[in-house]
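Remember, it's a predicted structure, so these values are computed and weren't measured experimentally. The analysis underlying the following values was restricted to heavy atoms, covering all of them including side chains, and did not include hydrogens, waters or symmetry mates.
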Amino acid sequence: MTAHAEEIKLQCNIESKYTEPSGKSEGASGTAIIDIKTTPFLFIHASSSVYPFNSVVLTNISEDDNETMSSFFDYSNSSKWEIYNDRYSKAIKISLEDSIIIDRNTGNVIFRRTFKKPKTEYFAKAEYTAEAFGTCWKVNAPKKKF
């Protein structure tokens with residue numbers, strides 16, 4: 001069961017933890033704006049001042065062509081949004097897994113991003129993960145844009 005309104009804008013305070021392929025971890029804090037639109041298809045865009053969540057796009061449009069394969073999972077219900085979007089580039093063999101969980105009662109948010117690249121003849125295997133946690137609230141957008 002998908003539980004979405006047609007358009008919602010959230011502002012969030014978030015803290016992130018980023019783990020590099022070397023194992024070194026870094027953290028940052030900042031703000032994020034999350035736009036959720038459900039018509040004509042589900043689209044979530046999060047823009048943030050916190051790396052690597054500067055721009056995260058989750059959509060339920062799946063691709064499977066010669067270049068890219070993507071999958072989308074929506075486990076949302078009336079009390080949370082829980083969205084997973086996985087993309088894989090066949091040409092350069094890189095996968096990017098993004099997810100977002102927003103508790104609709106408390107406003108708590110969790111972002112996760114995993115980047116994976118297998119070992120090749122010229123490059124070592126690379127994998128990094130990043131997580132961000134925070135609290136969101138609704139932004140009242142005016143009916144008129146101007």
Side-chain angles (χ1 to χ4, degrees), residues 1-118 125-146:
M1 172 186 172
T2 303
H4 301 288
E6 286 192 17
E7 188 171 336
I8 293 178
K9 182 180 282 264
L10 304 173
Q11 183 172 344
C12 315
N13 289 327
I14 61 172
E15 293 185 26
S16 74
K17 181 181 176 185
Y18 169 84
T19 305
E20 296 179 356
S22 66
K24 179 182 172 186
S25 291
E26 293 185 27
S29 61
T31 59
I33 300 294
I34 301 173
D35 290 300
I36 302 169
K37 297 179 183 179
T38 61
T39 54
F41 53 85
L42 181 61
F43 179 82
I44 297 176
H45 178 249
S47 57
S48 166
S49 61
V50 178
Y51 181 81
F53 300 103
N54 304 93
S55 182
V56 177
V57 175
L58 299 147
T59 181
N60 64 351
I61 297 177
S62 292
E63 297 176 73
D64 192 359
D65 57 31
N66 292 336
E67 298 296 321
T68 305
M69 217 169 35
S70 69
S71 57
F72 177 84
F73 305 97
D74 183 352
Y75 300 110
S76 302
N77 58 40
S78 60
S79 63
K80 68 178 178 181
W81 284 295
E82 185 172 356
I83 311 294
Y84 298 85
N85 206 179
D86 301 339
R87 289 174 298 288
Y88 178 75
S89 169
K90 295 175 185 178
I92 56 176
K93 298 182 177 12
I94 292 175
S95 73
L96 184 63
E97 302 166 359
D98 287 325
S99 68
I100 186 168
I101 301 171
I102 303 170
D103 184 309
R104 297 182 72 185
N105 297 305
T106 64
N108 291 337
V109 63
I110 302 169
F111 291 101
R112 285 196 178 92
R113 173 168 273 183
T114 303
F115 169 88
K116 296 178 185 176
K117 180 164 182 21
K125 177 181 176 181
E127 180 173 334
Y128 76 74
T129 58
E131 294 183 322
F133 305 89
T135 304
C136 302
W137 57 93
K138 273 187 183 180
V139 175
N140 294 330
K143 298 284 184 195
K144 295 182 181 178
K145 294 192 178 195
F146 301 100

Got Arg112 and Thr129 here, is their nearest side-chain heavy-atom distance under 4.5 Å?
no

Apply side-chain contact (heavy atoms from CB on, under 4.5 Å) to the pair Arg87 and Asp98, showing each step before the final yes or no.
CA-CA 9 Å; Arg87 289 174 298 288; Asp98 287 325; 2.8 Å; yes

Measuring only between side-chain heavy atoms, which start at C-beta, is Tyr84 closer than 4.5 Å to Glu97?
no

Out of curiosity, Ile83 CD1 to Phe72 CZ, how far, rounded to the nearest 0.5 Å?
4.0 Å

Would you say Leu10 and Val109 make side-chain contact, with heavy atoms under 4.5 Å?
no

Taking every heavy atom of Lys80 against every heavy atom of Tyr75, the minimum-distance pair comes out as CE-O, 3.7 Å

Going from CD1 on Ile14 to SG on Cys136, what distance comes out if it is rounded to the nearest 0.5 angstrom?
8.5 Å

Hey, is CD on Glu15 packed in by over 12 heavy atoms from elsewhere, all under 6.0 Å?
no

Is the backbone N or O of Thr31 less than 3.5 Å from a side-chain atom of Ser49, with the two atoms forming a donor-acceptor pair by type?
yes

Do Tyr128 and Arg113 come close enough that some side-chain heavy atom pair is under 4.5 Å?
yes

For a 4.5 angstrom cut-off between non-hydrogen side-chain atoms, does Trp81 reach Ile34?
no

Only pairs at least two apart or in different chains count here, so list each ring-ring contact (aromatic ring centres under 6.0 Å, His included) that has a residue in residues 90-109.
none

Phe115 side, atom CZ; Ser95 side, atom OG - distance, nearest 0.5 Å:
8.0 Å

Looking at Ser71, is its backbone amide N or carbonyl O close enough to the side chain of Asn85 to form a donor-acceptor pair, meaning the two atoms are under 3.5 Å apart?
yes

If you measure from CG on Leu96 to NZ on Lys116, what distance do you get to the nearest 0.5 Å?
11.0 Å

So how far is it from Ile8 CD1 to Ile102 CD1, rounded to the nearest 0.5 Å?
8.5 Å

Test side-chain contact (heavy atoms from CB on, under 4.5 Å) on Phe133 and Asn108; report intermediate values, then the result.
CA-CA 7 Å; Phe133 305 89; Asn108 291 337; over 6 Å; no

May I ask you to decide if Glu82's main-chain N or O and Ser76's side chain share a donor-acceptor pair within less than 3.5 Å?
yes

Would you compute the distance between atom OG1 of Thr19 and atom CD of Glu26 and round it to the nearest 0.5 angstrom?
9.5 Å

If you look at every heavy atom in Asn105 and Asp103, which pair is closest and at what distance?
N-OD1, 2.7 Å

Hey, does Ile110 have a side-chain heavy atom less than 4.5 Å from the side chain of Glu131?
no

